[in-house]
Amino acid sequence: MPSKKALVRRPSPRLAEGLVTHIERERVDADLAVEQWEAYVAALRTHGWETIEVDPAGDCPDSVFVEDTVVMYKNVALIARPGAESRRDETAGVEEAVAGLGCSVNWIWEPGTLEGGDVLKIGDTVYVGRGGRTNAAGVQQLRAAFEPLGARVVAVPVTKVLHLKSAVTALPDGTVIGHIPKMDAPSLFARFLPVPEESGSHVVLLGGDKLLMAASAPKTAELFADLGYEPVVVDISEFEKLEGCVTCLSVRLRGLYA
């Protein structure tokens, strides 16, 4: 049986200072963000996920976006080297957490940069976004780490959004979903379903036909329900102001076998 563990990290009191790249800065309500984060974690638990809290990184405003710090493939944890220098201190606590779970640990080394939000896994295909936060050396190092384990690594250009997974994720059957105005190369994906809202591009597969998604994409939720999926909706408005989405707030560990 695949494991259902998820790493999460409590928002920093400095969350409102988080980076924004492709959108205008808006005021973030830090108290509301904590409530929304707790509801997100509760949704994971309700659907059978064991959540593991990484030690908070109070001095790192973006540290709640824990997905960016590590990429998992099978039982191997590839510790990222964020393209945003202000985020590099976030990786130490995550490295400790995955090592504690018995993962085999690898690292992205200078001059490589890679953030986990740029990596979308569909079965053994690993799509990696080559954009503002992940460079060519990072892509090469990801290939070197995962191809020997059976992965097929496909690099995808990303220029219109922060990370690849800001533009696309995938349904349980492997169909890639995305909002076309935010995508550079929809033709790279064999099976692709366009969605009507930008935040509808982001789903976390909870298991079975359940999709964790943002409250800001009601039309997309209707579309998925119509296709026989069950949307599990959470409000993450304060994280969306920092270009965050449902995928960034956890690292799902599915390849750890007890």
Side-chain angles (χ1 to χ4, degrees), residues 1-12 37-60 62-82 87-109 112 114-128 134 138 141-151 153 163 165 169-170 172 203-208 210 212 232 234 244-258:
M1 277 291 287
S3 52
K4 284 183 85 171
K5 293 180 197 288
L7 300 183
V8 292
R9 194 177 222 169
R10 193 163 283 282
S12 157
W37 179 82
E38 286 173 346
Y40 173 94
V41 173
L44 289 173
R45 288 197 188 126
T46 300
H47 292 92
W49 290 79
E50 177 195 344
T51 55
I52 296 154
E53 242 186 269
V54 178
D55 288 343
D59 285 341
C60 299
D62 287 294
S63 54
V64 70
F65 302 122
V66 66
E67 176 182 63
D68 290 326
T69 55
V70 63
V71 178
M72 295 298 307
Y73 182 75
K74 299 185 176 172
N75 69 329
V76 175
L78 180 63
I79 303 298
R81 186 167 178 267
R87 299 196 61 187
R88 296 206 177 137
D89 289 345
E90 294 175 30
T91 59
V94 172
E95 184 178 325
E96 207 171 295
V98 291
L101 290 168
C103 299
S104 164
V105 180
N106 281 332
W107 296 266
I108 295 285
W109 300 104
L114 178 100
E115 294 188 5
D118 273 319
V119 180
L120 173 64
K121 291 170 294 183
I122 304 175
D124 287 320
T125 302
V126 178
Y127 292 98
V128 54
T134 294
Q141 292 180 38
L142 177 95
R143 279 201 190 106
F146 292 158
E147 283 186 341
L149 307 174
V153 176
H163 291 127
K165 282 204 286 210
T169 57
V203 295
V204 170
L205 308 184
L206 292 173
K210 294 183 172 62
L212 186 65
V232 174
V234 287
C245 58
V246 284
T247 65
C248 337
L249 294 168
S250 59
V251 177
R252 283 74 57 200
L253 307 168
R254 304 168 195 270
L256 304 181
Y257 290 83

How close do [X] and [Y] get, counting heavy atoms only, and between which atoms?
X	Y	value
Val246	Tyr40	O-OH, 2.6 Å
Val98	Ala77	CG2-CB, 3.8 Å
Leu44	Ala6	CD1-CB, 4.1 Å
Ala43	Val234	CB-CG1, 4.0 Å
Ile108	Leu142	CD1-N, 4.2 Å

Quick one: does [X]'s side chain have a donor or acceptor within less than 3.5 Å of a partner on [Y]'s backbone?
X	Y	result
Ser63	Ala57	yes
Arg9	Glu90	yes
Lys74	Leu149	yes

Drop me the distance from [X]'s [atom1] to [Y]'s [atom2], to the nearest 0.5 angstrom.
X	Y	atom1	atom2	result
Leu120	His163	CG	NE2	13.5 Å
Met72	Ser3	CE	OG	8.0 Å
Leu206	Lys4	CG	NZ	7.0 Å
Leu253	Ile52	CG	CD1	6.0 Å
Asn106	Ile79	CG	CD1	9.0 Å
His47	Leu212	NE2	CG	8.5 Å

When you compare the side chain of [Y] with that of [X], does any pair of heavy atoms fall below 4.5 Å?
X	Y	result
Val105	Val70	no
Asp89	Asp59	no
Pro82	Thr91	yes
Arg81	Gln141	no
Leu101	Leu7	yes
Leu78	Leu114	yes
Val128	Arg143	no
Phe65	Glu115	no

Enumerate the salt bridge (Lys or Arg N to Asp or Glu O under 4.0 Å) contacts for residues 40-58, please, sequence neighbours excluded, ordered by first and then second residue.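 Every salt bridge (Lys or Arg N to Asp or Glu O under 4.0 Å) pair that includes a residue of residues 40-58, provided the two are not neighbours, is Lys5-Glu50, Arg10-Glu53.
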
What residues form a side-chain hydrogen bond (donor to acceptor under 3.5 Å, both in side chains) with Thr169, not counting sequence neighbours?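 With sequence neighbours excluded, Thr169 shows a side-chain hydrogen bond (donor to acceptor under 3.5 Å, both in side chains) to no residue whatsoever.
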
Residues that Trp107 engages under side-chain hydrogen bond (donor to acceptor under 3.5 Å, both in side chains), provided they are two or more places apart: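 Partners of Trp107 by the side-chain hydrogen bond (donor to acceptor under 3.5 Å, both in side chains) criterion, ordered by chain and then number, come out as Glu95.
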
Using a 6.0 Å cut-off, check whether atom CD of Glu96 has over 12 heavy atoms from anything other than its own residue.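 For Glu96, atom CD is not crowded (no more than 12 foreign heavy atoms under 6.0 Å).
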
Ring pair (Phe, Tyr, Trp, His ring centres under 6.0 Å) partners for Tyr127, two or more places apart: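 Once residues adjacent in sequence are excluded, the partners of Tyr127 under the ring pair (Phe, Tyr, Trp, His ring centres under 6.0 Å) criterion are Phe189.
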
Mind jotting down which residue pairs meet the side-chain hydrogen bond (donor to acceptor under 3.5 Å, both in side chains) criterion with at least one end in residues 116-126? Sequence neighbours excluded, please.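 Output for this query lists Tyr73-Asp124, Asp118-Thr134, Thr125-Arg152.
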
Applying side-chain contact (heavy atoms from CB on, under 4.5 Å), can you list everything that pairs with Ala80, at least two apart in sequence or on another chain?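 Not a single residue meets the side-chain contact (heavy atoms from CB on, under 4.5 Å) criterion with Ala80.
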
Give the C-alpha distance, both sets of side-chain angles, the deciding distance and a yes or no for side-chain contact (heavy atoms from CB on, under 4.5 Å) between Leu205 and Arg252. CA-CA 9 Å; Leu205 308 184; Arg252 283 74 57 200; over 6 Å; no

